[in-house]
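Structure, as structure tokens:
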Amino acid sequence: MAREQVDEMSFLDHLEELRWHLVKAVASIVIAATLAFIFKDFVVGIIMAPKHMDFPTYVALCDLSTFFGMDMSFCANELPFQIEVRSVGGQFSAHIWTSIYAGLVIAFPYVLYQLWSFISPGLQDNERKSSRGFILIASLLFFLGVAFGYYVITPLSLNFLTNYEFAEEVSNAFDLSSYNSIVRSSSLAAGFVFELPIIIYFLTKVGLVTPQILRKYRKYALVVVLILSAIITPPDIASQVIVAIPILLLYQVSIYISAIVIRKQNRKTKKA
């Protein structure tokens, strides 16, 4: 019945439906951003935590460095940089934008729910059932990616970039927006990269991707992953490997997911 109603809807009706879903999604981000703006101290504490050497990642890497006799920069008392603001409205602007990005992270599951609410009426009943866990799984992957970016990529980047020395006469005094950009981009980029299995699932459903294609181009994917790791991490082998490993695992998981989707489609075809 739902499918018949969808078929009867005009193009303008679809646009109107999409508009309301977008309005609800944006409203949820605004509400979450407002809460983040109000609870500034909590949000600032999260943003500034990777600056301090008691951050869990630095402590763990210091222990590993001590055990293996490697680079001891993770065991320093503090990172060699200061954060400054070089514009009159810099702190207020940072507060606004930090709240908006925090709102996007917090409201992400509801944004996905609105997206799914728009798409799902156009699916067959069996397709809706097979995709029932979409919001939960996609949200979990996103939050895992954000955590990976925050706890792994961000501290690795900060440690390398702030300890890198071009000349002794140059001191590290970074603008607040530059610091926030590293924390924000590392966390959000990793969050969206971790959505790879979900993307592959839907690409397989519509016939654009098969497990054979994914296996065939696995070696090229490896090169892309290494390049991606080199872009979002410091240019040292250890950091790139740490970042590349979960991405490669996600790629392998995506192959299995694609194979499962194809297997189910073949079964339905044989029954038909």
Side-chain angles (χ1 to χ4, degrees), residues 22-23 25-59 61 73-74 76-111 142-194 228-236 239 243:
L22 290 176
V23 167
V26 172
S28 69
I29 295 175
V30 171
I31 293 172
T34 303
L35 292 174
F37 187 89
I38 294 172
F39 296 99
K40 181 186 73 171
D41 293 340
F42 178 74
V43 175
V44 169
I46 293 175
I47 295 295
M48 292 298 173
K51 180 182 182 298
H52 305 289
M53 295 307 293
D54 59 354
F55 193 64
T57 306
Y58 297 132
V59 174
L61 291 173
S73 62
F74 292 108
N77 293 325
E78 61 181 13
L79 290 172
F81 73 98
Q82 296 294 325
I83 299 177
E84 299 179 349
V85 173
R86 299 186 178 90
S87 62
V88 175
Q91 294 208 39
F92 181 72
S93 177
H95 190 184
I96 292 291
W97 282 106
T98 299
S99 300
I100 291 174
Y101 284 107
L104 173 62
V105 173
I106 295 170
F108 187 78
Y110 186 77
V111 173
F142 177 76
F143 289 132
L144 284 175
V146 169
F148 181 77
Y150 178 73
Y151 283 104
V152 177
I153 299 177
T154 297
L156 287 175
S157 299
L158 286 175
N159 181 74
F160 176 83
L161 295 174
T162 59
N163 280 288
Y164 186 85
E165 187 177 87
F166 173 71
E168 293 183 359
E169 293 82 5
V170 180
S171 60
N172 288 333
F174 306 130
D175 189 77
L176 177 59
S177 61
S178 177
Y179 174 83
N180 281 348
S181 177
I182 288 181
V183 179
R184 179 179 66 242
S185 60
S186 299
S187 301
L188 287 179
F192 289 118
V193 167
F194 270 55
L228 180 63
S229 301
I231 292 174
I232 64 178
T233 61
D236 64 272
S239 300
V243 173

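Listed by first then second residue, pairs satisfying ring-ring contact (aromatic ring centres under 6.0 Å, His included) with a partner in residues 26-46 read F37-H95, not counting sequence neighbours.
For Y110, the side-chain hydrogen bond (donor to acceptor under 3.5 Å, both in side chains) test picks out Q114, with sequence neighbours left out. Remark: F174 engages F81 in a ring pair (Phe, Tyr, Trp, His ring centres under 6.0 Å) (not counting sequence neighbours). Under the side-chain hydrogen bond (donor to acceptor under 3.5 Å, both in side chains) criterion, D175 pairs with S177, sequence neighbours left out. With sequence neighbours left out, the side-chain contact (heavy atoms from CB on, under 4.5 Å) criterion links I106 to A32. Take V30 and apply the side-chain contact (heavy atoms from CB on, under 4.5 Å) test, not counting sequence neighbours, and it matches V26, T34. Scored by the side-chain contact (heavy atoms from CB on, under 4.5 Å) test, P50 finds F55, Y150, T154, L158, Y179 as partners (sequence neighbours excluded). For E84, the side-chain contact (heavy atoms from CB on, under 4.5 Å) test picks out R86, A173, with sequence neighbours left out.
Remark: side-chain polar atoms of N163 are paired, donor with acceptor, to backbone N or O of N159 under 3.5 angstrom. Looking only at distances, no side-chain donor or acceptor of S187 sits under 3.5 Å from a matching main-chain atom of R184.
Taking each heavy atom of L176 and Q91 in turn, the nearest pair found is CD2-CA, 4.4 Å. Heavy-atom minimum distance, A190 versus F148: CB-CD2, 4.4 Å. The two residues P109 and V105 have their closest heavy-atom pair at CD-O, 4.2 Å. Nearest heavy-atom pair, K51 versus L79, reported as atom, atom and distance to 0.1 Å: O-CD1, 3.6 Å.
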Let's go through L61 and L156 carefully: what are the C-alpha distance in whole Å and the side-chain angles of both, what is the deciding distance for side chain to side chain contact (heavy atoms under 4.5 Å, CB included) to 0.1 Å, and is it a yes or a no? CA-CA 10 Å; L61 291 173; L156 287 175; 4.0 Å; yes

Between V111 and I29, is a side chain to side chain contact (heavy atoms under 4.5 Å, CB included) present by the stated rule, with each step listed? CA-CA 8 Å; V111 173; I29 295 175; 4.0 Å; yes

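Counting heavy atoms of neighbouring residues, nucleotides and ligands inside a 6.0 Å radius, atom CZ of F92 does not exceed 12 of them.
For the atom pair CD1 of I153 and OG1 of T57, the computed distance is 11.0 Å after rounding to the nearest 0.5 Å.
Counting heavy atoms from C-beta on, the side chains of T98 and K40 never come closer than 4.5 Å.
Note: F108 and F142 have parallel aromatic rings, judged against thresholds of 30 and 60 degrees for the angle between ring planes.
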